[in-house]
Peer 1: 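Before anything else, here's the structure in question.
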Amino acid sequence: MSELVKTWKVIVMAISVPPLLLMIIAALLGDDISNLAFKRFGNALITGYTFSAGLLFINMFFYADSRQRPLAPLFGMLLATIFGTIITLWLLSQGELLLEDNGSTRAQALSNIVRILVSLIALIMAVVVSVGGVIVAITSRPNRKLFEEE
Amino acid sequence: MYAMMQAAIWFWFPAIALVVGAGTALSSRSETIKKLSKTIAIIGFILVLLSPVTVPESPSSAAGHLLGSIIGPCALLITGIYLLAFSGNVEVGKLSSRDRKIGSVCTFFGLVWLEGMHWWTWTPMLNGEVNPYWLVFWPTFLLISTGLSSGAAFSLRYLGHSREKESNFMLVLSSLTFTLTVLGMMLDGPNITSEMFRAHFWLAASDIFGLGVGVGLSILVFALVIWIYESSLPPAKTLDAPSQQELTQAASIISEHIGGEQE
């Protein structure tokens with residue numbers, strides 16, 4: 001295994017181990033919310049898929065621009081987005097399967113969209129703090145000498 | 001039906017205007033469209049912020065309330081980090097040492113403000129209850145910050161050269177968010193109990209995991225659509241190998257341009 005692969009494995013582990021440790025601590029404190037967590041996972045999955053497929057469909061216009069505007073991939077991505085929307089609405093209409101505290105399919109779908117936006121804001125702020133922290137740490141140090149003068 | 005229309009006019013259309021306006025302002029090349037998109041995005045943003053007043057009966061307006069509640073500390077944090085980063089050792093556009101002090105104060109108060117929302121009485125409250133979206137934002141922010149800061153620390157150590165001090169700083173940041181999360185799980189705040197925080201921590205983890213899988217699936221579908229289309233295209237025309245006559249002509253042109261006999 002090359003050094004680079006090892007390094008990336010360490011970095012992926014560094015990103016995933018602290019959240020996993022937090023989950024272990026939360027599990028040790030003994031709450032059973034597996035049903036709610038499953039519902040939230042399902043809702044996030046279908047909403048994330050549909051939302052992201054919609055954005056990628058818009059992105060497909062840029063791809064089409066570089067390929068003399070073919071319709072086939074645009075149509076394909078549009079189908080994928082519509083498929084996601086239909087599956088989302090169908091799954092949400094299956095009674096208690098994915099409904100959380102909302103009384104109707106529409107309320108749950110809208111709540112999912114708002115939640116995904118709030119999660120995105122949280123993600124952006126976390127990236128600002130982490131990446132900003134790295135830049136602050138790097139620029140706070142005095143300039144390093146790359147070469148000693150002869 | 002009337003309530004739904006009200007929610008659409010005062011929350012959903014402005015929210016769409018905000019997202020589309022911001023996206024267009026970032027991606028458009030035309031200055032006129034950029035200005036127009038920025039204006040649309042700002043109007044959308046203001047209307048979303050006002051949604052708890054304009055459509056208080058809509059559950060979605062809680063997102064507008066959250067946005068209004070966190071905009072202060074988030075702006076302080078972003079400004080503080082910017083001032084700190086660009087008042088350090090940067091080659092171009094270095095800010096003054098006074099900006100560095102202001103940056104430190106902004107970052108400190110931004111963090112204290114956010115912490116006060118969990119540990120003190122500054123929690124975003126809506127109709128006497130904790131704003132449900134704050135319980136989405138805060139655990140998600142802590143969980144992702146912990147992972148990303150730890151990843152950044154190890155990236156600096158393994159990919160950077162002599163970056164141990166910076167790596168240690170990021171480890172301290174990761175440990176801080178880790179500790180805050182564990183404390184939230186074990187100790188009650190004035191408005192958020194440890195049990196409530198743990199429940200929402202699990203939900204935030206499910207949210208992130210579900211989002212990751214969903215987004216990953218859509219990228220896979222996107223790649224599949226392009227691959228199917230590209231593989232259906234006829235193969236590109238390749239040129240025939242050069243004939244002997246063409247090779248001779250090329251050789252003669254090349255020989256005229258090397259050697260330097262003519263100069």
Side-chain angles (χ1 to χ4, degrees), chain A residues 7 10-11 14-19 22-23 25-26 29 31 33 36-37 40-49 52-53 56 63 70 72-73 76-77 80 107 110-111 114-119 121-123 125-144, chain B residues 59-60 63 66 74 77-78 81 84-85 88-90 133 136-137 140-141 143-156 158-159 162 165-166 169-170 173-174 178 181-182 185 195 198-199 201-203 205-211 213-215 217-219 221-222 225-226 228-229:
Chain A
T7 304
V10 169
I11 292 168
I15 293 171
S16 47
V17 166
L22 285 171
M23 283 181 213
I25 293 170
L29 290 168
D31 300 305
I33 58 147
L36 278 175
R40 182 59 68 87
F41 169 76
N43 277 311
L45 194 156
I46 52 177
T47 316
Y49 170 82
S52 175
L56 289 171
Y63 167 79
M77 211 54 219
L110 295 178
S111 153
V114 176
R115 213 179 43 244
I116 206 176
L117 293 175
V118 173
S119 297
I121 295 172
L123 173 73
M125 279 313 296
V127 170
V128 165
V129 169
S130 311
V131 177
V134 171
I135 298 171
V136 169
I138 289 173
T139 60
S140 294
R141 274 186 73 180
N143 281 336
R144 291 184 301 178
Chain B
S60 307
L66 176 79
C74 289
L77 258 182
I78 293 169
I81 289 171
L84 278 174
N89 278 311
V90 287
Y133 293 115
V136 174
F137 173 83
T140 308
F141 171 73
L143 193 60
I144 299 176
S145 296
T146 309
L148 285 183
S149 302
S150 161
F154 280 84
S155 303
L156 282 167
Y158 283 91
L159 296 173
S162 301
K165 278 187 181 171
E166 290 88 340
F169 174 78
M170 291 312 293
L173 191 64
S174 177
F178 187 92
T181 316
V182 174
M185 286 179 190
E195 198 182 345
R198 283 200 302 273
F201 170 81
W202 276 117
L203 295 178
S206 312
D207 236 349
I208 297 166
F209 191 47
L211 268 176
V213 175
V215 171
L217 269 177
S218 69
I219 292 172
V221 170
F222 183 74
V225 166
I226 289 182
I228 290 171
Y229 171 70

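To find a chain, count down the sequence lines: A is the first, B the second, and so on, and within it residues start at 1.
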Peer 1: For residues B:Phe222 and A:Pro73, determine if any side-chain heavy atom of one lies less than 4.5 Å from a side-chain heavy atom of the other.
Peer 2: no
Peer 1: For B:Thr146 and A:Pro18, work out which heavy atoms get closest and say how close.
Peer 2: CG2-CB, 3.5 Å
Peer 1: What option among B:Ser174, B:Ala199, B:Ser206 has the most heavy-atom pairs under 4.5 Å with chain A?
Peer 2: B:Ser206
Peer 1: Please report the closest heavy-atom contact between A:Ala26 and B:Trp202, naming both atoms and the distance.
Peer 2: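 Heavy atoms of A:Ala26 and B:Trp202 come nearest at CB-NE1, 3.7 Å.
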Peer 1: Check whether any side-chain heavy atom of B:Val136 lies under 4.5 Å from a side-chain heavy atom of A:Ser119, and answer yes or no.
Peer 2: yes
Peer 1: Taking B:Phe178, B:Phe154, B:Phe209 one by one, which has the highest count of heavy-atom pairs under 4.5 Å against chain A?
Peer 2: B:Phe178
Peer 1: Is the shortest heavy-atom distance from the side chain of B:Val221 to the side chain of A:Tyr49 under 4.5 Å?
Peer 2: yes
Peer 1: Among B:Ile219, B:Leu203, B:Val90, B:Leu77, single out the residue with the greatest number of heavy-atom pairs under 4.5 Å to chain A.
Peer 2: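 Option with the greatest count: B:Leu203.
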Peer 1: Do B:Leu217 and A:Leu45 come within less than 4.5 Å of each other through their side chains, counting heavy atoms only?
Peer 2: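 Side-chain contact under 4.5 Å: yes.
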Peer 1: Do A:Ile138 and B:Leu156 come close enough that some side-chain heavy atom pair is under 4.5 Å?
Peer 2: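 A side-chain contact under 4.5 Å exists here.
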Peer 1: Using modelled atom types and a 3.5 Å cut-off, is there a donor and acceptor pairing between side-chain atoms of A:Ser140 and backbone atoms of B:Gly88?
Peer 2: no
Peer 1: Does any backbone or side-chain atom of A:Ser16 lie under 4.5 Å from a heavy atom of chain B? Answer side chain, backbone, both or neither.
Peer 2: neither
Peer 1: Between B:Val182, B:Leu84, B:Leu173, B:Ile81, which residue shows the highest count of heavy-atom pairs closer than 4.5 Å to chain A?
Peer 2: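 That would be B:Ile81.
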Peer 1: Give a yes or no answer on whether the side chain of B:Asn89 reaches the backbone of A:Arg141 with a donor-acceptor pair at less than 3.5 Å.
Peer 2: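 At least one qualifying donor-acceptor pair exists.
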Peer 1: Under a 4.5 Å heavy-atom cut-off, does chain A meet the side chain of B:Met185, its backbone, both or neither?
Peer 2: both
Peer 1: Can you tell if the side chain of B:Leu159 reaches within under 4.5 Å of the side chain of A:Ile11, non-hydrogen atoms only?
Peer 2: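 Touching, per the 4.5 Å side-chain cut-off.
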Peer 1: Counting heavy-atom pairs under 4.5 Å to chain A, which of B:Ala63, B:Gly151, B:Ala152, B:Pro59 comes out on top?
Peer 2: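 Greatest number of close heavy-atom pairs with chain A: B:Gly151.
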